[in-house]
2 protein chains.
Amino acid sequence: MADKKHSHEDCKKNILAVHDAMDVLNGKWTISIIAVLCFHQQRRFSDILADVKGISNRMLSKELKEMEMHKLVKRTVQDTQPITVLYELTEYGRKLQSVINNLSDWGHEHRKKVMGK
Amino acid sequence: MADKKHSHEDCKKNILAVHDAMDVLNGKWTISIIAVLCFHQQRRFSDILADVKGISNRMLSKELKEMEMHKLVKRTVQDTQPITVLYELTEYGRKLQSVINNLSDWGHEHRKKVMGK
DNA sequence: TTACCTGGTTACCTGAAGGTAACCATTACT
DNA sequence: AGTAATGGTTACCTTCAGGTAACCAGGTAA
């Protein structure tokens, strides 16, 4: 990785790869949820519900299930008084770390540009 | 940028930043179009139409307009025989380069994992 | 004058993504 | 018996993003 070549074939492959990535990362909330799990390594259902502004428990449940299917997150049930469920990124999901960091940096700049100025 | 701090406040800010970024980058085709413009610096309308598999001219037109409004892309009309229109990323849009590269890398891995194995 | 190329626009319609809100199972406290 | 907290599920409904397909306008050229 790192160095991008510039043959026509490589362009196509890269464009396709981005498309493939977005197939998994679509959905209104997916990226935001991954971001939450990037910045807090472990997080409970109700925590994520609070972190991601505007999401409903229904949608959070749905998205987490789908992300679990895609092997992006791991679900762990803890046998506490009222049951608690921990979500965390899998090793695979953690590879999106740099995507999220870059998005975060860009988002900060974007916010400055839109709000400030 | 680069080093992420870990106070509660910073988490919130980062999560918010990612959310802000996604506000602009939502839409089924946005990221794919940006990818095309990352990998070919300049591209005509009909080229992008061919590069992004499945998109219709209507949607491409809409998305490009929106991206222009958001100052992500620049539109240049060339006074050729049948008119040609060039699209390219603005300096601002080019800052998404690393996001796209990371997504491309991840997409390649993802494809291997899903297809291969 | 018919047809083709460009880069779109317009009207119309549909499906699925997502919202709302009520409900559920378990345990525990009072 | 009632209530609270956990982490969901279910049913129902609505919106709008996006698809399809036809059309447009300027220029070319046979």
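Order of the sequence lines fixes the chain letters, A, B, ..., with proteins taken first and strands second; residue numbering starts at 1 for each chain.
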Nearest-angstrom distance from the residue atom CD1 of B:Ile33 to C1' of D:dG18:
13 Å
Same cluster or not: are B:Phe39 and B:Leu49 linked, directly or through other Ile, Leu, Val, Met, Phe, Trp or Tyr residues, by side-chain heavy atoms under 4.5 angstrom apart?
yes
Within the structure shown, what part of the strands sits under 4.0 Å from B:Arg44 by heavy-atom distance: base, sugar-phosphate, or nothing?
sugar-phosphate
Classify the nucleic acid contact of A:Ser46 as base, sugar-phosphate or nothing, counting any heavy atom under 4.0 Å across all strands shown.
sugar-phosphate
Quick one: are B:Asp51 and B:His40 in side-chain contact, heavy atoms under 4.5 Å?
yes
Is A:Ser56 touching bases, backbone alone, or none of the nucleic acid, heavy atoms closer than 4.0 Å?
base
Nearest heavy atom decides the nucleotide; on that basis, is B:Glu63 or B:Asn57 closer to the 5' end of DNA chain D?
B:Glu63
Is B:Glu109 salt-bridged to A:Lys95, cutoff N-O under 4.0 Å?
yes
Opening and closing nucleotides of DNA chain C in contact with chain A, under 4.0 Å to non-hydrogen atoms:
C:dG18 to C:dT20
D:dG7 P sits how many Å from A:Gln81 CD, rounded?
12 Å
Mind calculating the distance between CD1 (B:Ile55) and P (D:dA17) to the nearest angstrom?
15 Å
Euclidean distance, atom CG of residue A:Asn26 to atom C1' of D:dG18 [Å, nearest integer]
14 Å
Starting at atom CE of A:Met22, determine the distance to atom P of D:dG18, rounded to an integer number of angstrom.
12 Å
Is it possible for you to say whether A:Leu86 and A:Leu60 belong to one hydrophobic cluster, with membership spreading through side-chain heavy-atom contacts below 4.5 Å?
no
Just how far, in rounded Å, is C1' of D:dT6 from CZ of A:Phe45?
10 Å
Check against side chain to side chain contact (heavy atoms under 4.5 Å, CB included), A:Lys28 and B:Asn26
CA-CA 8 Å; A:Lys28 192 175 176 181; B:Asn26 62 8; over 6 Å; no
Length of the CD1-P vector between A:Ile48 and D:dT6, whole Å:
14 Å
Do the side-chain N and O atoms of B:Asn101 and B:Ser104 include a donor-acceptor pair separated by under 3.5 angstrom?
no
Residue met sooner reading DNA chain C from 5', once B:Val85 and A:Gly27 are mapped to nucleotides:
B:Val85
CG of B:Leu49 versus P of D:dG18: gap in Å, rounded?
16 Å
For D:dA30, the Watson-Crick or wobble partner whose two distances fall under 3.5 Å:
C:dT1
Centre of A:Tyr92's six-membered ring, under 6.0 Å away, within 45 degrees of the axis: is that where NZ or CZ of B:Lys113 sits?
yes
